[in-house]
Amino acid sequence: MSVTLLCSDPICSLGRVCGAMDQPGFTASLVAGGVAGVSVDLILFPLDTIKTRLQSPQGFNKAGGFRGIYAGVPSAAIGSFPNAAAFFITYEYVKWFLHTDSSSYLMPAKHMLAASAGEVIPFSLVQFPLWESLKALWSWRQDHVVDSWQSAVCGAFAGGFAAAVTTPLDVAKTRIMLAKAGSSTASGNVLSALHTVWRTQGLSGLFAGVFPRMAAISLGGFIFLGAYEQTRSLLLELGKESP
């Protein structure tokens with residue numbers, strides 16, 4: 001027997017009802033997360049390839065330019081389904097588990113915990129609380145829960161902002177991945193990689209590829225979070241209609 005909790009959280013992505021971990025909610029989060037992950041990878045994989053080549057120490061043209069930017073798309077899409085599904089199941093479960101009647105100023109912390117449980121990276125810690133807060137503000141302004149397309153717009157803004165502020169970390173990650181074996185950068189020290197980029201290229205080096213990254217992740221946030229909300233809503237509605 002499943003239990004559905006009435007939700008008083010003003011920035012809950014489920015809107016009127018928070019029953020993420022009953023059987024229909026579990027299945028909806030699983031499938032919707034997977035669909036969202038596959039959708040965003042199929043559409044945005046080439047932009048991520050271009051961004052990585054822009055951040056390469058070799059330079060864009062020597063790193064491959066625009067050649068083969070679709071290579072690896074099928075394998076990435078196949079792998080993204082279970083990863084995205086696992087992330088959203090964890091995210092929704094932690095939100096449900098931490099559900100309280102506490103004041104709304106504590107809710108961003110709850111969403112940060114949920115995002116970090118799903119995927120421990122700084123990007124998610126910025127994107128998801130901002131996404132939830134933007135949805136809450138929009139819901140409050142129009143006096144009803146946001147639609148899926150509105151959630152997608154909030155996801156685009158949240159993703160773009162998170163992309164901008166975390167670009168130096170992404171640059172460091174790219175440099176570490178592309179570093180020659182045995183070099184100091186290849187050791188995996190993020191601070192060391194950031195210092196090297198700052199010393200050799202300055203601020204522009206730390207934010208190399210920021211605009212393609214913002215464009216890709218803003219579009220990705222629109223597709224990823226919009227597809228998730230829309231698919232999940234449809235599945236939950238179908239679950240209500242079935243006997």
Side-chain angles (χ1 to χ4, degrees), residues 11 13 36-37 40-41 43-57 60 80 83-84 87-88 90-91 94-95 104-138 146 150-179 185 188-229:
I11 49 179
S13 66
V40 78
D41 267 352
I43 296 171
L44 299 183
F45 187 91
L47 283 178
D48 188 63
T49 301
I50 292 171
K51 181 269 300 180
T52 300
R53 291 175 181 178
L54 284 169
Q55 294 176 348
S56 170
F60 179 69
S80 67
N83 290 336
F87 172 83
F88 274 111
T90 305
Y91 181 70
V94 173
K95 284 204 305 180
S104 61
Y105 68 86
L106 293 176
M107 295 308 170
K110 184 180 79 170
H111 294 298
M112 289 179 71
L113 286 171
S116 64
E119 186 176 8
V120 186
I121 56 171
F123 180 85
S124 294
L125 296 182
V126 177
Q127 182 190 30
F128 277 81
L130 182 56
W131 174 54
E132 299 281 5
S133 297
L134 290 172
K135 287 194 297 176
L137 179 61
W138 202 335
V146 293
Q150 293 171 324
S151 178
V153 171
C154 293
F157 276 100
F161 179 80
V165 300
T166 60
T167 292
L169 294 176
D170 191 61
V171 170
K173 181 194 74 174
T174 301
R175 292 299 180 90
I176 290 169
M177 290 172 59
L178 299 178
T185 303
N189 189 311
V190 173
L191 291 178
S192 175
L194 289 171
H195 182 261
T196 300
V197 174
W198 171 260
R199 190 179 68 249
T200 57
Q201 294 179 277
L203 191 64
S204 62
L206 289 175
F207 285 90
V210 63
F211 293 114
R213 176 173 162 81
M214 286 179 66
I217 294 180
S218 292
L219 183 55
F222 185 92
I223 297 168
F224 187 58
L225 297 174
Y228 173 75
E229 294 270 29

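In this chain, residues are counted from 1 in sequence order. Please read all numbers here as calculations on a predicted model, not as lab measurements.
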Measuring from [X]:[atom1] to [Y]:[atom2], what's the distance to the nearest 0.5 Å?
X	Y	atom1	atom2	answer
W198	S204	CH2	OG	9.5 Å
L54	T49	CG	OG1	11.0 Å
L169	T174	CG	OG1	11.0 Å
F123	D170	CZ	CG	9.5 Å

Taking side chain as C-beta onward, heavy atoms only, is [X] less than 4.5 Å from [Y]?
X	Y	result
V197	R175	yes
F224	I217	no
R213	T166	yes
F157	V153	yes
L219	V40	no

Identify the heavy atoms of [X] and [Y] that sit nearest to each other, and give their distance.
X	Y	value
C154	W138	SG-CE3, 3.6 Å
G226	A152	CA-CB, 3.6 Å
I176	A193	CG1-CB, 4.1 Å
K135	S151	CD-OG, 3.4 Å
A172	L194	CB-CD2, 3.8 Å
G160	S218	CA-OG, 3.1 Å

message: Determine whether F211 and T167 satisfy the following criterion, side chain to side chain contact (heavy atoms under 4.5 Å, CB included), listing intermediate values before the conclusion.
response: CA-CA 10 Å; F211 293 114; T167 292; over 6 Å; no
- prompt: Can V146 and E229 be said to form a side chain to side chain contact (heavy atoms under 4.5 Å, CB included), step by step?
  reply: CA-CA 10 Å; V146 293; E229 294 270 29; 5.7 Å; no
